[in-house]
There are 2 protein chains.
Amino acid sequence: MSDDFAERIRSSGKRMTPQRELILRAVDTLGHATPEQLLAEVHKQSSAVNLSTVYRNLEVLEELGLVRHMHLGDRAPTYHSVGGPEHFHLICRGCEKVISVGPEAVEQFAARLQADFDFVPDIGHLTVFGSCADCRDAAT
Amino acid sequence: MSDDFAERIRSSGKRMTPQRELILRAVDTLGHATPEQLLAEVHKQSSAVNLSTVYRNLEVLEELGLVRHMHLGDRAPTYHSVGGPEHFHLICRGCEKVISVGPEAVEQFAARLQADFDFVPDIGHLTVFGSCADCRDAAT
DNA sequence: TTCCATGCAAACACTTTGCACCGTG
DNA sequence: CACGGTGCAAAGTGTTTGCATGGAA
């Protein structure tokens, strides 16, 4: 798996460095994480990585389509790896829970946007804010 | 209209100041604007408003439900007034065009999220990134 | 041996906060 | 005349960049 990544990186003229691999692995491990959190995760293995390296790599990895980011809060961008099929996220404002949802649930919606507005949505980047059942109950 | 707002503001223990009114009006005038752009708009009328006042007021106005914000780019939050019916936005990554869409187009999608995940989406905050017809053509 | 990648520190963009003064209600 | 609002400047966050050095291909 990492080897696939390594190959893909090299074939784009980039190089595979230890830092890059650590960061990639951290994205994979954490699921959804901010640059800062990724740095912390990486530091568990090796303290020899700088925050700016994290940023630079996330940028590169995103260009190559190996990771994606979304916005959890208004402040924090969070990165996740692009492993399986495309999916999008539901985020509960109450508990910050993240629910990953497969593409089936949006297909119809996407089709409608395309038909009505000639607009092709980027499903992988889609983040829907709202409230989950637990938090609605709690609020009552 | 501004009077309704003024009333609503006062009844929450807040006060109606000239700055607050100018900012509210600017949000209304500009449609979708960043704090900085709002300041610029306000300055057309009166230079006596500070950026931090803009921030503080947007916070208050959002609490009161008079304005909302969304995220156009990854960096800039943009505010718009809550005037008519609820709507959400499509944003083209290519040209940054913003398309406002009424709630009909999402109803079905929203219903599905609620049925399948017990999740109630916040339609007014929804922002869908993607690409518009023009930009897709250009890319080809 | 060539460039891409890295560390470090400084620069940046955006937002928040402390404090003294001002003005609405 | 009490208390919320404002301006100003300084301090935070989070992210980006310039430069010299290091290392993958």
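Proteins come first, then strands; the chains are lettered A, B, ... in the order of their sequence lines, and each starts at number 1.
Both V54(B) and G13(B) sit near DNA chain D, but only G13(B) has its closest nucleotide nearer the 5' end. Where P18(A) and P18(B) meet DNA chain C, the nucleotide closest to each residue was compared, and P18(A) sits on the side nearer the 5' end. Comparing A76(A) and I9(B) along DNA chain D, the residue whose closest nucleotide (by nearest heavy atom) sits nearer the 5' end is I9(B).
OP1 or OP2 of dG7(C) has not a single side-chain nitrogen or oxygen of S52(A) nearer than 4.0 Å. Of the side-chain N and O atoms in Q19(A), none sit less than 4.0 angstrom from OP1 or OP2 of dG23(D). For the pair N57(B) and dT6(D), the criterion of a side-chain N or O lying under 4.0 Å from OP1 or OP2 is met. Residue T17(A) places at least one side-chain N or O closer than 4.0 Å to OP1 or OP2 of dT6(C). For dG7(D), one of the phosphate oxygens OP1 or OP2 lies less than 4.0 angstrom from a side-chain nitrogen or oxygen of T53(B).
For V49(A), the side-chain atoms get nearest to dG7(C) when compared with the rest of dT15(D), dG25(C), dG7(C). Looking at the side chain of L51(A), the nearest of the listed nucleotides dT15(D), dG7(D), dC3(D) is dT15(D). With dT16(D), dT6(C), dG4(D) as the choices, the nucleotide that has an atom nearest any side-chain atom of R75(B) turns out to be dT16(D). Nearest nucleotide to the side chain of N50(B), out of dG7(D), dC4(C), dT15(C): dG7(D).
The bend of the helix from dT1(C)-dA25(D) to dG25(C)-dC1(D), defined by the angle between the axes of its first five and last five pairs, stands at 40° to the nearest 10°.
Counting heavy atoms of neighbouring residues, nucleotides and ligands inside a 6.0 Å radius, atom CD of Q108(B) does not exceed 12 of them. Around atom CD of Q114(A), more than 12 heavy atoms belonging to other residues, nucleotides or ligands sit under 6.0 Å away.
With hydrogens and angles ignored, no donor-acceptor pair under 3.5 angstrom links the side chain of R56(B) to the base of dG4(D).
Between H69(B) and H32(B), the distance from one ring center to the other does not fall under 6.0 angstrom. Close placement of the H80(B) and H87(B) rings is indicated, their centers lying within 6.0 Å of each other.
The distance between atom CG of L39(A) and atom C1' of dT15(D), rounded to the nearest whole Å, is 14 Å. The separation between L22(B) atom CG and dG5(D) atom P is 16 Å, rounded to whole Å. Taking atom CD of E21(A) as the reference point, atom P of dT6(C) lies 12 Å away to the nearest angstrom. Atom CD in E7(A) sits roughly 15 Å away from atom C1' in dA25(D) (whole-Å rounding). Summarising the geometry, the separation between CZ on R20(A) and P on dG23(D) is reported as 15 Å, rounded to the nearest angstrom. The distance from atom CE of M16(B) to atom C1' of dG23(C) is 15 Å, rounded to the nearest whole Å. Rounding to whole angstrom units, NE2 of residue H71(B) and P of dC14(C) are separated by 14 Å. Regarding Y55(B), its OH atom lies at a distance of 7 Å from the P atom of dC14(C), rounded to whole Å.
Pairing each heavy atom of T127(A) with each of L126(B), the nearest pair is O-CD1, 4.0 Å. For the pair R93(B) and F129(B), the tightest heavy-atom approach, listed with the atom from each and the gap, is NH2-CB, 3.7 Å.
Each of C132(B), S131(B), C92(B) was evaluated against V120(A); a single residue qualifies, S131(B), per the side chain to side chain contact (heavy atoms under 4.5 Å, CB included) test.
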As a quick check of understanding, evaluate salt bridge (Lys or Arg N to Asp or Glu O under 4.0 Å) for R10(B) and E7(B), giving each step before the final call. CA-CA 5 Å; R10(B) 278 190 218 99; E7(B) 196 178 322; over 6 Å; no

